[in-house]
*Asks:* 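I have a structure here, written as structure tokens, and I will follow up with some questions on it.
Worth knowing before you read on, the calculation uses all heavy atoms, side chains too, and leaves out hydrogens, waters and symmetry mates. Chain letters run A, B, ... following the sequence lines, proteins first, then strands; residues in each count from 1.
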Amino acid sequence: MPEQAAASTHLPPQNHLGDLQNALLDWFAANQRRLPWRVNYTPYEVWISEVMLQQTQMERGVSYFNRWMQRFPDIATLAAASEEDVLRQWEGLGYYSRARHILTAARKIMAEHGGVFPSELEAIRGLPGVGPYTAGAVASIAFGEKLPCVDANVERVIARIFDVDSPVKQNPAAGIIHRWALRLVPDGRSREHNQAMMELGALVCGKKPRCAECPLARFCISLHLGITDQRPVPGKRATITPVNAVTGVLRCGNRIFVQKRPPAGVWGNLWEFPGGRVEPDESPEQATVREFMEETGFAVRVAAQHGIIRHGYTTYRLTLHCFGLEFDSADAPDSQITPPQPPLLSAATEARWVTPQDLDALAMPAAHRKLADKLFAIGKDSAVAANTAAPRQANLPLKKP
DNA sequence: TAGTCGTGGCA
DNA sequence: TTGCCAAGACT
């Protein structure tokens, strides 16, 4: 069985290209979702939305975006904010370097671009956290530059329409897709076109394509060949490793011990309860006591079982055993006095003893936030705490207009 | 270039 | 329950 012919041999006549562009634009005009960043198309809003939506589902992005714009309505306000505040707004979205990069970029815009978002592609690309995709997206969607945006949606749409028969993330497929993406952008309509390509990928040409509803069905080579389920060709899969870990909530009086993770690595600059992996031949309780000693120098003992939290990641599946802890009797301080600072801090840059209410202001990894909510939820809806928290879940209705 | 970096939804 | 994966960038 011969391989499918290379995509380049399937070039449709030029007039078909125009038909395809028009069919897509018409479909988008009638079917696009109403989204908050599709109102004014300011560069700031387009930028933030694009970064928020990286590796993130639309429905979740919308509620975070609205809250973000309330809190940081413009670049100057954002640039003046603390990283702590920015991370707290980002909490739950994951990939926290995106938030740190956004803050750094905002300050760079204030310092080097007079507080005005740059319109030149090279300057946009020079902002931290802005890669080829985001630069193209902002330049085309906010400034109308004739550039393609190639994200996973667009890769999928193009791979199906033009029957790209090798893994889309690698060459030669990546190059073929880029050339098609560029060729497809119509003059003067790049804003609508690029969003339309992504919207089509999100609403119609998804993992399970709904070809009966697709405005581009008559142009689609893989549909005609009956192989839409084989496009795009997937790349190498990551293996998911199960990880058994522990964490402990050390309490002293009404205070709780938390530490701030280092800037580099996973959950950079987020606050957490100390903990770590369970070693072979070690019980979760033993692991917790050992980790506390290694990370803080505190001698603790298990005082309560707080159950198990399961949390999935791209490459790990975490089973987190959670415990309530108290100081081991030997060095137990008087609970009425201020708890002691840790003798050492090997896995963090800062430590604090906080009240349950204080936890609300700290950005924490999702699994630790789940635990905190479980332990300290009582009283949470009572006025005080209710407000600064980032949205814990996004369930904005996204009806078509 | 191949890992790393989160999270929640979905089948 | 498990695997897959969504508007990527950085190292």
*Asks:* Measure from the side chain of A/His311, starting at C-beta and using heavy atoms only, and say which of C/dA6, B/dT7, B/dG6 lies closest.
*Replies:* B/dT7
*Asks:* Just to be sure I understand the rule, does A/Ala366 reach a base, reach only the sugar-phosphate, or reach nothing, if contact means heavy atoms closer than 4.0 Å?
*Replies:* sugar-phosphate
*Asks:* Between A/Asn244, A/Thr247, A/Thr288, which is the residue that forms a side chain to side chain donor-acceptor pair (under 3.5 Å) with A/His321?
*Replies:* A/Asn244
*Asks:* What is the distance, rounded to the nearest whole Å, between atom CG of A/Leu203 and atom P of C/dA6?
*Replies:* 14 Å
*Asks:* May I ask you to verify if any side-chain N or O of A/Gln55 is less than 4.0 angstrom from the OP1 or OP2 atom of C/dG8?
*Replies:* yes
*Asks:* Between B/dG6, C/dT2, B/dG9, which nucleotide gets closest to the side-chain atoms of A/Arg317?
*Replies:* C/dT2
*Asks:* Scan A/Arg38 against the nucleic acid and name what it touches under 4.0 Å (heavy atoms): base, sugar-phosphate only, or nothing.
*Replies:* base
*Asks:* Identify whether any heavy atom of A/Arg156 sits under 4.0 Å from a base atom; if not, whether one sits that close to sugar-phosphate; answer base, sugar-phosphate or nothing.
*Replies:* sugar-phosphate
*Asks:* Measure the distance from CZ on A/Arg98 to P on C/dA9 and round it to the nearest whole Å.
*Replies:* 11 Å
*Asks:* In this structure, how many angstroms lie between the C1' atom of C/dT1 and the CD1 atom of A/Ile240, rounded?
*Replies:* 12 Å
*Asks:* Give a yes or no on whether a donor-acceptor pair under 3.5 Å exists between the nucleobase atoms of B/dG6, that is its base, and the side chain of A/Tyr95.
*Replies:* yes
*Asks:* What is the distance, rounded to the nearest whole Å, between atom CG of A/Asn269 and atom P of B/dC5?
*Replies:* 14 Å
*Asks:* Classify the nucleic acid contact of A/Trp47 as base, sugar-phosphate or nothing, counting any heavy atom under 4.0 Å across all strands shown.
*Replies:* nothing
*Asks:* Phosphate oxygens OP1/OP2 of C/dA9: is one of them under 4.0 Å from a side-chain N or O of A/His101?
*Replies:* no
*Asks:* We want to know whether A/Asp163 and A/His224 form a side-chain donor-acceptor pair, criterion being a heavy-atom distance below 3.5 angstrom.
*Replies:* no
*Asks:* Taking NZ from A/Lys207 and P from B/dG8, how many angstroms apart are they, rounded to a whole number?
*Replies:* 19 Å
*Asks:* Considering only atom P, compute the distance from B/dG6 to C/dT11 and round it to an integer number of Å.
*Replies:* 14 Å
*Asks:* Can you say whether a donor on the side chain of A/Thr315 sits under 3.5 Å from an acceptor on the base of B/dT4, or the other way round?
*Replies:* no
*Asks:* Can A/Gln305 and A/Glu285 be counted as having a side-chain donor-acceptor contact under 3.5 angstrom?
*Replies:* yes
*Asks:* Rounded to whole Å, please give me the gap between CH2 in A/Trp267 and P in B/dT4.
*Replies:* 14 Å
*Asks:* Is a donor-acceptor contact shorter than 3.5 angstrom present between the side chain of A/Thr314 and the base of B/dG6?
*Replies:* yes
*Asks:* Step through it carefully: locate the ring centre of A/Phe117, locate the ring centre of A/Trp47, and say whether they are under 6.0 Å apart.
*Replies:* yes
*Asks:* When all nucleic acid strands are considered with a 4.0 Å heavy-atom cut-off, which category describes A/Val130: base, sugar-phosphate, or nothing?
*Replies:* sugar-phosphate
*Asks:* Got more than 12 heavy atoms from elsewhere within 6.0 Å of CD, A/Glu83?
*Replies:* yes
*Asks:* Between C/dA6 atom P and A/Leu93 atom CG, what is the distance in whole Å?
*Replies:* 17 Å
*Asks:* Answer with base, sugar-phosphate or nothing: what part of the nucleic acid does A/Pro234 contact at a heavy-atom distance below 4.0 Å?
*Replies:* nothing
*Asks:* Any side-chain N or O of A/Tyr96 below 4.0 angstrom from OP1/OP2 of B/dT7?
*Replies:* yes
*Asks:* For A/Thr77 and A/Asp74, does a side-chain donor sit closer than 3.5 Å to a side-chain acceptor?
*Replies:* yes
*Asks:* Taking NZ from A/Lys169 and C1' from C/dG8, how many angstroms apart are they, rounded to a whole number?
*Replies:* 8 Å
*Asks:* Select one nucleotide: of C/dG8, B/dG3, B/dG8, the one nearest the side-chain heavy atoms of A/Lys236.
*Replies:* B/dG3
*Asks:* Would you mind telling me which residue lines up with the more 5' stretch of DNA chain B, A/Ser97 or A/Lys208, judged by nearest nucleotide?
*Replies:* A/Ser97
*Asks:* At 4.0 Å (heavy atoms only), tell me whether A/Gly268 reaches a base, stays on the sugar-phosphate, or touches nothing.
*Replies:* nothing
